[in-house]
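Right, one structure below, let's go through it.
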There are 2 protein chains.
Amino acid sequence: MRASGPLDAESILSATEDVLRRHGPAKATVVDVGKELGVSHAAVYKHFPSKAALREAVSRRWLNRDRDALAAIAGDTEIPPPQRLRSWLAALLASKRAKAHDDPELFAAYKLLVTENSVAAIDHVADLLGQLELILTDGMAGGSFRRADPAQTAQAVFTATTRFHHPGLAAAWTEPGIEQELDVICALLLDGLR
Amino acid sequence: MRASGPLDAESILSATEDVLRRHGPAKATVVDVGKELGVSHAAVYKHFPSKAALREAVSRRWLNRDRDALAAIAGDTEIPPPQRLRSWLAALLASKRAKAHDDPELFAAYKLLVTENSVAAIDHVADLLGQLELILTDGMAGGSFRRADPAQTAQAVFTATTRFHHPGLAAAWTEPGIEQELDVICALLLDGLR
DNA sequence: GTAGTTACAGGTTTCAGATTGTGTAAGATG
DNA sequence: CATCTTACACAATCTGAAACCTGTAACTAC
């Protein structure tokens, strides 16, 4: 049940998030969302064109919740770029792992988006690549990284760390030595960048 | 129907492979395997303790079919180690992609083994890591790679190229620029190794 | 006694019919 | 007239009984 006033997109998103958390993406229905809001399911369709669009919007909001902390690291010119890259990748792993662990059903919904190649998933990757590119550009300007195409290099670093952020591989994020594993890769990549 | 003579493990493996190719891992049954051999399903159980063990043995044999070509590259001391590493990784991608494309059902069976953490899958990875380690050891001995723990480095190179060999990511192996993507990663890793 | 079969218990899958869900359009309410 | 509901067509999903599969054991034929 919503507090009061007319139905708006934000409260639908929150209700959907709750329903997804309770039932998971496979069982959650638009009727459930309506019930949660004390409204018929048709009312939901005045704000979102389809169930898929609704799910996508929820995942987008959920993904963006950790975005700023990560962007803060990427943009922190106080930290030298090599260390910044390490921190950023470590933070990315920590964030993804926390999401998978604390919110398994919403993580499952996000995983679906990725396998379906949805716009939200593509945008999410583009955002992360942009952050990586910023770190690399700073490093190239400051001389700590060799000059090269920053976009292509960002893509390469992202791909080389797939193991640590691709949702399809989340099952292997609970292994004990994973932080050290990332450290070894980081060292190798940093040596390759300069 | 088998040719003649008593039933042996090899012909059961071949029959199972055919059945898997036809019906896929989800639908294939031990009864089907028996039919294929002109034998009751119980006869199969005289040679394999369970359906899972049978499937695992089939996948093992199927995986080992490309093994020697790959091992030949890894052990070819004519090729300088950096180039050898490139060739080996390219060959690994080509092999995996061909298997996924030409034998989708057997590839699906293999994917199941990986998600179940089966012994066959673990052994397969250990074998590949051993081949990588051989290349790295040669390179370190010959001075083209910096000295470091070869096992740990092999693990790092394998992890950094997850995108190109992990069966869970096979859907993305058909993208056009993937060879170049691997080239970029290779360049980065090779720079990091020396 | 080796190499296979038949018979069976318990678990899993399948299939058809019933229920529930999605998305739209026309209508009620304030 | 903006906001929501009811009503609906069609698609997807659930349910429970029948069929089928797995793995074992007792049995047959050579």
Side-chain angles (χ1 to χ4, degrees), chain A residues 1-59 105-106 108-109 112-113 115-116 118-120, chain B residues 1-59 105-106 108-109 112-113 115-116 118-120:
Chain A
M1 284 285 188
R2 76 208 129 116
S4 69
L7 192 59
D8 67 331
E10 271 304 310
S11 46
I12 293 177
L13 286 179
S14 297
T16 307
E17 194 172 311
D18 285 354
V19 168
L20 274 172
R21 241 190 285 272
R22 270 206 303 280
H23 300 67
K27 299 273 179 89
T29 73
V30 180
V31 173
D32 290 334
V33 174
K35 255 185 224 146
E36 178 80 10
L37 291 161
V39 122
S40 80
H41 80 280
V44 173
Y45 283 93
K46 302 290 173 184
H47 296 264
F48 294 93
S50 69
K51 185 184 184 177
L54 179 54
R55 268 200 341 205
E56 199 163 337
V58 169
S59 290
E105 301 291 15
L106 286 173
L112 282 179
L113 289 192
T115 62
E116 291 160 1
S118 82
V119 178
Chain B
M1 284 287 188
R2 75 210 130 113
S4 69
L7 192 60
D8 66 333
E10 272 304 309
S11 45
I12 294 177
L13 286 179
S14 298
T16 306
E17 194 172 312
D18 285 354
V19 169
L20 275 173
R21 243 191 285 271
R22 270 205 303 281
H23 304 335
K27 298 273 180 87
T29 73
V30 180
V31 172
D32 290 333
V33 175
K35 254 184 225 145
E36 178 79 12
L37 291 160
V39 123
S40 80
H41 80 280
V44 173
Y45 283 93
K46 304 286 175 185
H47 295 264
F48 293 92
S50 70
K51 184 184 184 177
L54 178 54
R55 268 200 343 203
E56 199 163 336
V58 169
S59 291
E105 300 293 16
L106 285 173
L112 281 179
L113 289 193
T115 62
E116 291 159 1
S118 83
V119 178

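Per chain, numbering begins at 1; letters A, B, ... match sequence-line order.
Remark: P of dA3(C) and NE2 of H47(B) are 8 Å apart, rounded to the nearest angstrom. Summarising the geometry, the separation between CG on L37(A) and P on dT5(D) is reported as 10 Å, rounded to the nearest angstrom. If you measure from atom CZ of R55(B) to atom P of dT22(D), you get 11 Å, rounded to the nearest angstrom. Atom CG of L54(B) is separated from atom P of dT22(D) by 10 Å (rounded to the nearest Å). Spacing between atom CG of D32(A) and atom C1' of dT20(C) amounts to 11 Å, rounded to whole angstrom units. To the nearest angstrom, C1' of dA3(C) lies 16 Å from CZ of F48(B). Regarding K35(A), its NZ atom lies at a distance of 14 Å from the C1' atom of dT22(C), rounded to whole Å. K46(B) places its NZ atom 12 Å from the C1' atom of dT28(D), with the value rounded to the nearest Å.
Residue L106(A) comes nearest to R21(A) through the heavy atom pair CD1-NH1, 3.2 Å, listed as atom of the first residue, atom of the second, then distance. Shortest non-hydrogen contact noted between A9(B) and H47(B) is N-ND1, 3.9 Å. Of all heavy-atom pairs spanning A15(B) and E36(B), the tightest one is CB-CG, 3.6 Å.
Residue-to-nucleotide proximity on DNA chain D shows that, of A43(A) and H41(B), the 5′-proximal contact is made by A43(A).
With dT22(C), dT6(C), dA3(C) as the candidates, the nucleotide lying closest to the side chain of P6(B) is dA3(C). Proximity note for K27(A) (side chain, C-beta onward) versus dA25(C), dC14(D), dG23(C): the nearest is dC14(D). The side chain of V31(B) sits closest to dT22(D) out of dG4(C), dC4(D), dT22(D). Checking dG23(C), dT5(D), dT5(C) against every side-chain atom of V39(A), the shortest atom distance belongs to dT5(D).
Among the atoms of the strands shown, only primed sugar atoms or phosphate atoms (P, OP1, OP2) are found under 4.0 Å from some heavy atom of T29(B).
V33(B) pairs with exactly one of V58(B), D18(B), T16(B), V39(B) by the side chain to side chain contact (heavy atoms under 4.5 Å, CB included) rule, that one being T16(B).
Within the structure, a side-chain polar atom (N or O) of K51(B) is placed less than 4.0 Å from OP1 or OP2 of dT22(D).
With S59(B) contributing its side chain and E56(B) its backbone, the two residues share no donor-acceptor pair below 3.5 Å.
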